[in-house]
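Just below is one structure, and these are the notes that go with it.
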Number of protein chains: 2
Amino acid sequence: MLISELSRRTGVTVATLKYYLREGLLPPGTPLSATRGDYGATHEERVRLIRALIDVGGLSIGRVREVVDAHAHPPESRHGLLGVAHAVLRTPNHAGPTTDPLIDRLGWRVPGDSVARAQLAGALDRARRDGLDLSEETFLVYADAALLMATRDVRDELGSGSAAEALRYVVLGNVLSDPIVIGLRRLAQEHVSAGKFGGSAARP
Amino acid sequence: MLISELSRRTGVTVATLKYYLREGLLPPGTPLSATRGDYGATHEERVRLIRALIDVGGLSIGRVREVVDAHAHPPESRHGLLGVAHAVLRTPNHAGPTTDPLIDRLGWRVPGDSVARAQLAGALDRARRDGLDLSEETFLVYADAALLMATRDVRDELGSGSAAEALRYVVLGNVLSDPIVIGLRRLAQEHVSAGKFGGSAARP
């Protein structure tokens with residue numbers, strides 16, 4: 001398809017697609033003439049990946065490039081894929097602690113330099129500073145819930161397909177399902193509250 | 001305390017504190033003279049709430065004002081508090097579907113016009129469009145995990161204290177614990193993956 005068709009199908013302007021081409025985020029199409037290229041399904045899929053990372057994941061162009069590079073040269077082991085995916089999805093602010101007594105309490109098999117560990121320690125630190133005193137009991141309930149989801153995630157996302165496909169799925173899966181998990185948590189709060197306090201939730 | 005001390009304790013500049021005062025986000029201090037006011041613990045707590053909503057929750061000043069207004073005039077019922085909190089925490093983009101077959105599948109007690117329902121329907125719609133085909137089985141696992149967390153949240157956050165305190169706790173609790181839940185999910189993925197695929201997660 002021509003770039004105009006790729007634009008129509010993805011809802012991304014031609015000018016933006018040309019920017020992705022210049023930045024190397026999108027591989028060039030098969031040349032049809034000096035100025036026209038032919039684009040296929042892999043281009044369309046790549047554009048959707050880029051948009052999801054930017055719009056939903058809030059990633060910068062630099063981070064998107066990391067995903068694209070890792071996608072072209074995925075690590076050998078399935079477990080290694082996760083480290084790459086989590087590094088790309090790390091929160092911008094990496095200052096602060098890299099571990100936390102609550103995390104140690106979990107007894108999980110996670111290396112000390114794990115990006116996910118530092119991200120979680122940062123979130124716990126921030127919550128405490130801003131006045132949310134999360135009890136160990138509540139934290140362990142969240143950890144049980146996280147383990148339930150992760151057991152499913154690792155089966156679904158890392159289990160099959162090529163390494164490149166698995167990486168795409170881990171990154172996209174986390175980026176796109178984080179809002180689903182957060183939305184489900186809010187909806188579950190309403191459901192539980194309706195059962196406990198009755199009535200319907202007021203809207204301002 | 002003087003505004004300079006409030007600034008020192010919260011890490012927010014005096015210029016920004018004066019902006020919050022002008023915008024009505026922060027109530028005025030007790031006048032000490034024509035130009036100086038006395039600020040207390042409630043001011044300090046309010047500033048921390050504002051910063052958490054902006055920095056962690058990504059809320060606009062307009063949304064912060066909604067929280068502050070609701071905080072001053074909280075709804076009567078405990079269940080009503082949740083609706084207000086969720087409306088404030090809604091994602092910016094509200095276009096798109098307000099329900100979804102997967103949500104109906106849950107059988108939860110949630111009104112059709114719930115903000116949380118629309119937010120979840122939007123996240124599901126977006127995920128599908130961007131190529132994440134979430135199976136019903138996986139969705140129901142996430143729902144179980146959400147219910148586990150929500151049962152704890154509603155007990156902890158809505159159960160005690162004044163209505164104003166409960167509202168503050170629901171909003172702050174959700175804003176500050178969302179990154180903890182997401183961080184725990186990533187860490188749990190590493191733990192499960194380590195058990196299944198062995199080795200340690202590669203870092204780029």
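Proteins come first, then strands; the chains are lettered A, B, ... in the order of their sequence lines, and each starts at number 1. These numbers come from a predicted model, not from an experiment.
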Interface residue of largest heavy-atom contact number with chain A, from B/A146, B/G183, B/A188, under 4.5 Å: B/A188
Chain B interface, residue from A/L106, A/L147, A/L176, A/L184 that has the most non-hydrogen pairs under 4.5 Å: A/L184
Closest non-hydrogen atom pair, A/R128 against A/L102: NH2-CD1, 3.7 Å
Contact origin within B/D133 toward chain A - heavy atom pairs under 4.5 Å: backbone
Among A/I103, A/L124, A/T10, residue most engaged with chain B (heavy-atom pairs, under 4.5 Å): A/L124
Which portion of B/I182 sits near chain A, non-hydrogen atoms under 4.5 angstrom: side chain
Validation row: B/L2, B/D38 side chains within 4.5 angstrom (heavy atoms): no
Charged N-O contact under 4.0 Å between A/E190 and B/R117: no
B/R51 to B/Y20 six-membered ring, cation-pi geometry met (6.0 Å, 45°): no
Engaged part of B/L134 at the chain A interface, taking heavy atoms whose separation is under 4.5 Å: side chain
Closest-packed option against chain A by number of heavy-atom pairs under 4.5 Å, given B/V181, B/L187, B/V175: B/L187
Residues A/H86 and A/Q119: side-chain donor-acceptor under 3.5 angstrom: no
Engaged part of B/D69 at the chain A interface, taking heavy atoms whose separation is under 4.5 Å: neither
Pick from A/V47, A/D144, A/D55 with the largest number of heavy-atom pairs that fall under 4.5 Å of chain B: A/D55
A/E5 with A/R8: basic N within carboxylate O range, under 4.0 Å: yes
Contact class of B/L49 relative to chain A, heavy atoms under 4.5 angstrom: neither
Closest non-hydrogen atom pair, A/I61 against A/E23: CG2-OE1, 4.3 Å
Note, B/S4 side chain near B/S7 side chain (heavy atom, < 4.5 Å): no
Selection from B/E45, B/M149, B/R48 maximising heavy-atom pairs under 4.5 Å formed with chain A: B/M149
Which portion of B/R129 sits near chain A, non-hydrogen atoms under 4.5 angstrom: backbone
